[in-house]
Every structure is written in C-alpha cells, then in structure tokens.
Amino acid sequence: MIKFWKKTLTVVLCAAITVSAGSCGRRKKEPKPEPKATPIVDEGNTDANGKGDGQSDIPLVVGCSKLDKKFNPFIKKGRSDKRAVDFTQIYLVTNDRNGDIIHRGIDGEVREYNGDSYTYYGPANIEVSYDEARDKTTYKITLRDDISFSDGVNVTIDDVIFSIYAFCDNSYKGDIKLSSQSIEGLQNYRMNNSRFESVSDKNVRKYIKKNASKIKKWSKKNKLHKKDYDYKKKLYYQVRKWIAGDLKKKGKAKPVKNIKGIKRISNYSMSLTTYGYNESVIEALKIPICPLHYYGDETKYDYFNNKFGFKRGDISAVRANKTSPMGAGAYRFVKYENDIIYYTSNEIYYKGCPKIAYLQLKDMDKLLKEKQEEIQQYKDKGELDINEYAAAVEMSAGTMDVFEEDIPAEDIRWITQINSNGDIDGNKLSVEFFPNGSYEYIGINKETVKVGESPYNRQSVALRKVFATVFSAYKSEIEKAYGVKMKLIDYPCDSSSWIYPDDEDENYSVAYNEDYFGGIIYKAKDAADDKTEKLLNAVTKYLQIAGFSFENGRIKRCPVNVEPQFEIIIAGGEDNPIYNVVTAGSEFLEKIGITLNIIPANDESEVMQIVKQGKHQMWAGTFSPEVGFFDKYAGKDSVFGLEDEKITEFAYEKPAIYDKSVRKEKYLSMMNYLRKFVIEVPINELQETVMYSSARIKKETMTQEVTKYYDWSQEIQNIEMK
C-alpha cells in the first residue's frame, strides 16, 4: 500500500490581486440572478420553512470532521465550524476560479478558466485607485441595494462598517487579517493615540539606540531573540507604542474615535483608504457581511457619532451567540442536535433560492471511526471482499452526499471499486481534485553547491544546473507512485492561480529542460531510452562547463575543492513523495560518477533548522503562504538568500493600473528570471478533494471545475438532487 506523507506546512500562495479586471472577447454573460421569494418570508432565523417553488424535499447531507459548536463568524474556529457558518453568509469580496478579484460583482463579470467561460456575481462593486503623489490607495465599495438577510432585513453599508470595526477591534482574536492591514488611521485607532502612525522608523531606531537596556529587558521578558523571523517587526511595533505613549502623556497626542481611512458615503457605499498599495488588503476584505441588528447592538451604532454597534475594546457581546449563525447566505440555520446542523433554504438569497430546500451538515468523526473499526474487524477475520475506506462506504450507503475532507492516496482505489466503471468518476461516487495551494520543491544551497568563490559564476551555475535538470526530469516518478493526488508543476506558484501560465502559453517552459545552448533537452513524447540519452548528453555538458573531465562516460577529474559526493536532506525519508524523485535521480547520477546521499529527517521543522545553519547542500521542502515573495527569495530569513536588485524592485514595485494580462506577464517574467540562479526546483503540489454521491446528486448541477479559490459550495443554490 502506498504511504502518504502528511505535511505540516502549507505553502506559498503565490497570488496577487489585480486592480483592474475586465471581460474580454464576446463571451456570453449569464443573466443576473434575482432573489425569488416565496409568498411569505417568515420572520426570525429558525422558523422559516425554506420551501420554495419546485424545490426538492430530499436534503443535501454534507459530511464533515468534528464540530466544535463555535458557530459565530467572529470566533476563531476549525474547518468544520467555518463551513457551518459559511452556509449562512455572503462575503464582501468575490473571486473567480483563479483567485482573481471580481471588481464588478453587481453587474457580473465573465472570466475564462481552462478554456471555459463562467459568469461571476457578487454583492458589491470594488473600485481601486492609487494616488501616486500621496502614495495612498482608495477602495470604493458599492453594495447591491436589493440584498436581504435571511430574516428579511435589508443589507446596507452599515452592516459592512459594523463588521469591519468588529474584525479590527483589539479584542477580536479570529483569523480575519484586517487589523494588520495598512488602513489609514487603523493603528492610531487600535492604540487610541493620534501619533502612533506618525512615529517614523528613524525615531524608532533613535529610541532603540538610547534605550538598549530597556530593549534587552523587553526581549527577554517576551522570549524574543534578534534571530527570530519577526523580531524586528515586533520590536518596532512595541517601540512605537512607547514613543506614542510618551507623547500622549505630554499632551502631544489625542485619543482617536474612529478609523480615519473608513468613510461612509451612503446607505450602500463607502470608501477605505490605505497607505501605499498592498495586494493583501483586498484579500483581507473577504469578510462576511454580518448583520448589525443580529450580532451587534443597534442602540450602540451611530456612524456620525463614532459608535459602531458594540463596546469598543470588547466584542464579547458580538461573540455571545455561538450556536445560531445568521446572514444573507444561501441557507438559514435551524438547529443543532445529535451531531447534525439542520438548515432550510433562504428563499430571498440574492443569487436565487436554492433548488434544494433542506441542508444538513453532519459530524462524521465518530461514525467514520466506528466504521473503520468494523472494517478492521472484518479484515482480522480474513475477509478479502471488503472496501477499506469508511467514507466511501458510508457515502455509497446514503449516509452523506458530499464529503470534503482529504482522501489519502492509498484510499482512492477503494472509491474506484465502488463504481461500476472502475473509475473515480462513476455511477455511485465522484471525486473532484484541485490543487490546495501548496507545492513541494527541492532547494539547492548556492553557497555550498558551487565552483570557486562565487556562487554566481558560470561554473557554479552549471553545477547546480546538473541537479536541477536531473530532478526536474525525474519528477514524474511522483505521478507513478501517487497518481491523481499529485500535480506536477514547473513554476513556484499555485497552478490554479491566474498567475500560473497555461500549458499552451508561448512563454511556458518546462523547468530546467534546456541544455547549455538553450535548446530543449527532451519532449514529453520521447521514449524512456531516448530521454535518458538526451539527458545524459545535457548533464555531461553542464559538468564539463563546471570543470569536470570524463573518461569512458564517467567523471575522471573534479574542479578544485569539489568532490563528486553530495547530500540532500528529506523529511520523512521514504515516506516523502519527493524521495521517489531523488532516488531515480541519484541512480542516474551514479552512472556518471556522482554519489548523491539521501539524509532522512524526522519532519520538515528539523529540515528547516538544518537549512538555517547554511552548511547543507540540498533539501526537500515546502513554503508557508504567510511568506511573501521578497521574504521567500531575498529576505534576511530567506532559505535562498539572494541579493538581487531586480527581485527587490519587483517586490516593492509601486502599483500601476495593469490589466490582468500585463500583471501575469510580469510575474511570469520574474519566475523565469529566478531560474537563472538555479536554487529552487518546483516539483509538485498536493491535491485536495471533494467527494460526492453521483447516485443521489445530479452531477451536471454540481459546481464545475472547483479550485482552492472557488469551492463546490460557491454555487450551492444550483445543485439538485435526483
């Protein structure tokens, strides 16, 4: 049975959000969806019957992992509780399947994905304008005026402002990232100090120099060290607090009553201004529009008198309702009992009343454990004709209709056995695979894999090209072992992102498949023996450029201070998918006289500790999505440590109103530029899964071509039962 490596880190979301996006060509736009209410919209959140015209009485049952019963959008929660809330909510910002923002959600935009056209609607239009002279960006947000919460109350911009203030409050502890964005006046508001944001870096450095002992004491108390990744950021923030606090004591700073950059324009529009331009801002605005009248206190909301629906610094009242979420989403929460949440459809959902009247979210944790134990008992008795994947067995029995928990690679074959066609897409079960945004790579240390003193000279680059070329050529070994669970990539980027180039793009190129003269080494259709021979010729040439000499096809002499033995560190050893790539590559290199030793590590954190010491040669790793482009390649804590002006300029480039194709071209150009350093070989990204019952659900009504950015529930209103 194939072993499936459970990674502990996720990866770089190498995605940027364009500030202008438009429909192109003459693609047909789908009609704008309109709410279609039943004759009576019942008041309250749990009494509405949810039965619209022509709806199915058969419930859609969604299976999930353990529910923690924190069903409130203002509380940090696990994946299942988030799903429980999401069914009842709409989000301010909408994106397409590529993760690109929909700027004209009210009128709808047509976007292409994998050659197909899709129309996207959202609750708002987002206009973005950058003022270069002031170095500020303004986001104008305009809501549709015909959206209602599921209890019939109209959604207005005051609900948005209430939500933003609650998510930015000092007492908010969830996973919404608004409070860390560069919104004008936000930090002044959070510190209640009008001078906090005006404290310059120069003032901070001067303070640190004068108060060394205080800084040392603070660092020790907070268990922080200068080598910590975010030490400088935390230190500067603390020093600003001290400086601004001193100014306030001296009467040179005033209390702050609101966030300066947030302006109410009308009942359905507002603006938000930020310092500079940061692509993460609009991403952070993907917040649920929460009803002020339900979660907040309307008596405490008066925008013009700086009252925002709750006691400032204490959102405990907003968080109080943990069990009955309410919003303007496709479904209304009814009740939770016996590990099941019951919903009815929201007849006035702005994208149209869902075609399935009843929805259930079922905690499958206990049930699946019991089923797996039962399966094990049958196996212990010697039963051979038994399906070993509990989730597939339960779904085929009708216990649930949709299951979006990860499917281990070794269990995929049990799904195919249930279907009469022996495939993962069959008459009983269907599985959709999509990249989860994480990718695995092989890193090459430029300081230890080099010839001579410089890691950038022709010989050093050629030496690293040997390994990069071989690893890239053998990455298909992962597909052989892990099948559809793995997706090979050629760029250090989420393949479902709009940035990732299409295979047919004229600028697309397979990673490290060029010989020394710039020609393609091999083609996908080449026979195995032909590919090996071409690869051998290309690698031999690179080694010769690096200073190696050959005799009878094997290395005879090496450059000064270079030995034909190298090491690569791999977390999990044989259980790591990349192990297959490295093993095949080492066997190839052994034939020409290079020994590649594989050093196993317990986990990736251990690998990173070794990498940070800088004495390693190569390693297999992943990236966290929190690490930005510059920090990843050239930051002080980067595992690659590049010092390159072009990378710095790209990372801190001032924004321009690019269309998507221009921005995509810039990112592709930079990713191709990075290859010249030969420090990172993109290998593969893992696939997430959603499994559903094709025996009970009309397959053609399921959301098509789901991605990390656009999951199956985005068009839940269109799903129909058989």
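Below, each value reflects all heavy atoms present in this structure, side chains not excepted, and no hydrogens, waters or symmetry copies. Please read all numbers here as calculations on a predicted model, not as lab measurements.
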Mark yes or no: [X] above the aromatic ring of [Y], with NZ or CZ under 6.0 Å from the six-membered ring centre and no more than 45 degrees from the axis.
| X | Y | value |
| --- | --- | --- |
| Lys233 | Tyr236 | no |
| Lys234 | Trp218 | no |
| Arg190 | Phe196 | no |
| Arg205 | Tyr207 | no |

Taking [X] for the side chain and [Y] for the main chain, is one N or O donor matched with an acceptor at less than 3.5 Å?
| X | Y | result |
| --- | --- | --- |
| Thr703 | Trp712 | yes |
| Glu109 | Arg104 | yes |
| Arg332 | Thr344 | no |
| Asp159 | Thr156 | yes |
| Ser200 | Asn203 | yes |
| Lys173 | Ile75 | no |
| Ser163 | Cys290 | yes |
| Glu405 | Cys64 | no |
| Thr274 | Ser182 | no |
| Asn72 | Asn321 | yes |

Heavy-atom distance under 4.5 Å between the side chains of [X] and [Y], does that happen here?
| X | Y | result |
| --- | --- | --- |
| Glu132 | Tyr130 | yes |
| Asp131 | Asp135 | no |
| Leu361 | Leu359 | no |
| Lys286 | Lys177 | no |
| Ile340 | Asp363 | no |
| Arg264 | Ile161 | yes |
| Gln717 | Cys353 | no |
| Val204 | Val199 | yes |

Does [X] [atom1] have over 12 foreign heavy atoms under 6.0 Å away?
| X | atom1 | value |
| --- | --- | --- |
| Lys136 | NZ | yes |
| Lys248 | NZ | yes |
| Lys206 | NZ | no |
| Lys32 | NZ | yes |
| Lys70 | NZ | no |

Please report the interatomic distance [atom1]([X]) to [atom2]([Y]), rounded to the nearest 0.5 Å.
| X | Y | atom1 | atom2 | result |
| --- | --- | --- | --- | --- |
| Ile262 | Met270 | CD1 | CE | 5.5 Å |
| Ser171 | Arg312 | OG | CZ | 11.0 Å |
| Glu127 | Ser129 | CD | OG | 8.0 Å |
| Glu197 | Ile183 | CD | CD1 | 10.0 Å |
| Tyr331 | Ser713 | OH | OG | 11.0 Å |
| Lys66 | Asp81 | NZ | CG | 10.0 Å |

Of all heavy-atom pairs between [X] and [Y], which one has the smallest distance, and what is that distance?
| X | Y | value |
| --- | --- | --- |
| Gly276 | Thr137 | O-OG1, 2.6 Å |
| Gly105 | Asn125 | N-OD1, 3.1 Å |
| Tyr343 | Thr88 | CE2-CG2, 3.8 Å |
| Pro123 | Tyr350 | CD-OH, 3.3 Å |
| Pro288 | Gln89 | CB-OE1, 3.7 Å |
| Ala330 | Ile716 | CB-CG2, 3.8 Å |

Is it the case that the side chains of [Y] and [X] hold a donor-acceptor pair, with the cut-off being a distance below 3.5 Å and no angle test?
| X | Y | answer |
| --- | --- | --- |
| Asn188 | Lys260 | no |
| Asp494 | Tyr709 | yes |
| Ser80 | Ser65 | yes |
| Asn154 | Tyr268 | yes |
| Asp107 | Tyr121 | no |
| Asp158 | Tyr301 | yes |

(request) Please test Tyr295 against Phe162 for ring pair (Phe, Tyr, Trp, His ring centres under 6.0 Å), starting from the C-alpha separation and ending with a verdict. (result) CA-CA 9 Å; Tyr295 288 105; Phe162 156 70; 7.6 Å; no

(request) In sequence, state the C-alpha distance, the side-chain angles, and the governing distance for Ile348 and Phe149, and then conclude on side-chain contact (heavy atoms from CB on, under 4.5 Å). (result) CA-CA 8 Å; Ile348 53 176; Phe149 293 109; over 6 Å; no

(message) Consider side chain to side chain donor-acceptor pair (under 3.5 Å). Of Tyr118, Tyr113, Tyr120, which one does Arg97 pass it with?
(response)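 Of Tyr118, Tyr113, Tyr120, side chain to side chain donor-acceptor pair (under 3.5 Å) with Arg97 is met by Tyr120 alone.
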
(request) Applying side-chain contact (heavy atoms from CB on, under 4.5 Å), run through Phe333 and Tyr342 and close with a yes or a no. (result) CA-CA 6 Å; Phe333 179 94; Tyr342 295 86; over 6 Å; no

Carboxylate-amine/guanidinium contact [X] [Y], below 4.0 Å:
| X | Y | answer |
| --- | --- | --- |
| Arg240 | Asp201 | yes |
| Lys307 | Asp302 | no |
| Asp86 | Lys82 | yes |
| Asp100 | Arg111 | yes |
| Asp711 | Arg83 | yes |

(request) Apply side-chain contact (heavy atoms from CB on, under 4.5 Å) to Asp151 and Tyr294, showing your working. (result) CA-CA 10 Å; Asp151 61 357; Tyr294 186 79; 5.6 Å; no

(message) Using the ring centroid of each side chain, check whether Tyr336 and Phe71 are separated by less than 6.0 Å.
(response)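 Yes, close enough.
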
(request) Answer with yes or no after comparing the ring centroid distance for Phe167 and Tyr172 against a 6.0 Å cut-off, counting only values under it. (result)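 Yes, close enough.
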
(message) Applying side-chain contact (heavy atoms from CB on, under 4.5 Å) to Val155 and Leu143, what does each step give before you reach the verdict?
(response) CA-CA 8 Å; Val155 177; Leu143 286 178; 4.3 Å; yes

